[in-house]
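Notes follow the structure.
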Amino acid sequence: MSVAKKEYKRVTVKSLVDMKKRGEKISMLTAYDYTMAKIVDGAGIDVILVGDSASNVMAGHETTLPITLDQMIYHASSVVRAIERSLIVVDLPFGSYQSDPKEALRSAIRIMKESGGHAVKMEGGKEVKDSIKRILQAGIPVMGHLGLTPQSIYKFGTYTVRAKEEEEAIQLKEDALMLEKAGCFGIVLEKIPAKLAQEVAESVSIPVIGIGAGNGVDGQVLVTHDMVGMTHEFNPRFLRRYMNLYEEMTNAFTQYGADVKSGDFPNDEEQY
């Protein structure tokens, strides 16, 4: 059943909770720079995630691990300058919160003060509970992240679907309830069985955003560069490509190069 979309001048963490209560799905996409963020925000997307996936998409690293806190702040501040409506959630990068709650709080404060972001996102369940609580006590909104947690890729050894076995599924459910109780305003569930994701979404009052977690959750997130087809090597089942920008941009660049070589560009109308 479709639900009428409410127009928000600015989306807040409260807006997302209200959306869940009304049954309105939440849209979320990534952005790492001013230009892309301006387009995403102008399209009416509810949440922009400044993800540590910038490590892969923008810097070409194999994993999300190398990106630093300073680099995340740079990307986030670029995004914040572009937006008028979207809620901006910024990933705390690997190594900025796992060691102890005080370090986690310092990292979160730097993101909020130096980038102007609206909230932070952290991977993990009970193992980061104390860090989450410390950040929340400072008045900083926190979004959780369970299931496939890319910062733990070397622990898992694979990007395969998580929580297929009962023991891990039970732990994930417990972690979701813990995140809600701790005060998180939302949870991202990545690459878990759709049935489990729906059970989690129905068990908590806070919004659950899925990526590769089926349609029974409260919203969806994709990496923008993947969904517009700027990347072409990454082809998971959950990805829907709405454009093929890789091909279109390649053709445009090739034509430009040819026009320069032939002297066709610039023509008489394109010069002073």
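If you read the sequence from its start, that first residue is 1, and numbering goes on from there. All of these numbers come straight from a predicted model, not from anything done at the bench.
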Open item on the list: Any donor-acceptor pair under 3.5 Å linking the side-chain atoms of Glu167 with those of Gln171?
Closed with: no
TODO: Not counting sequence neighbours, list each pair that qualifies as a salt bridge (charged side-chain N to carboxylate O under 4.0 Å, His left out) and has a residue in residues 257-267.
DONE: none
- [ ] List in chain and number order the residues that pass salt bridge (charged side-chain N to carboxylate O under 4.0 Å, His left out) with Lys195, two or more places apart in sequence or in another chain; answer none if no residue qualifies.
- [x] Glu199
Task: Asp18/Arg22 salt bridge by N-O under 4.0 Å criterion - done: no
Task: side-chain contact (heavy atoms from CB on, under 4.5 Å) assessment of His118 paired with Val90 - done: CA-CA 8 Å; His118 306 142; Val90 185; over 6 Å; no
TODO: Output every pair passing salt bridge (charged side-chain N to carboxylate O under 4.0 Å, His left out) with a member in residues 90-113, not counting sequence neighbours, ordered by first then second residue.
DONE: Asp70-Arg110, Asp91-Lys121, Glu103-Arg106, Arg110-Glu114
- [ ] Tell me yes or no: between the side chains of Asp33 and Ser78, is some donor less than 3.5 Å from an acceptor?
- [x] no
Open item on the list: Under the rule for ring-ring contact (aromatic ring centres under 6.0 Å, His included), what residues qualify as partners of Tyr256, not counting sequence neighbours?
Closed with: Phe265
List the atom pairs, with distances to 0.1 Å, where a side-chain N or O of residues 178-190 and a protein N or O form a donor-acceptor pair under 3.5 Å, not counting sequence neighbours.
residue : atom : partner : partner atom : Å
Glu180  : OE2  : Ser205  : N            : 2.7
Glu180  : OE2  : Ser205  : OG           : 2.5
Glu190  : OE1  : His145  : NE2          : 3.0

Task: Separation of Arg81 CZ from Ile83 CD1 (nearest 0.5 Å) - done: 12.0 Å
Task: side-chain contact (heavy atoms from CB on, under 4.5 Å) partner of Val200, the single match among Leu172, Leu177, Leu146, Val217 - done: Leu172
Open item on the list: Checking one residue: Tyr32. Which other hydrophobic residues are in its cluster under the side-chain 4.5 Å linking rule?
Closed with: Val57, Met58, Val223
Task: Asp218 bridged to Lys20 by N-O distance under 4.0 Å - done: yes
TODO: Check each of Leu29, Leu239, Asn235 against Asp226 using the side-chain contact (heavy atoms from CB on, under 4.5 Å) test, and report the only one that passes.
DONE: Leu239
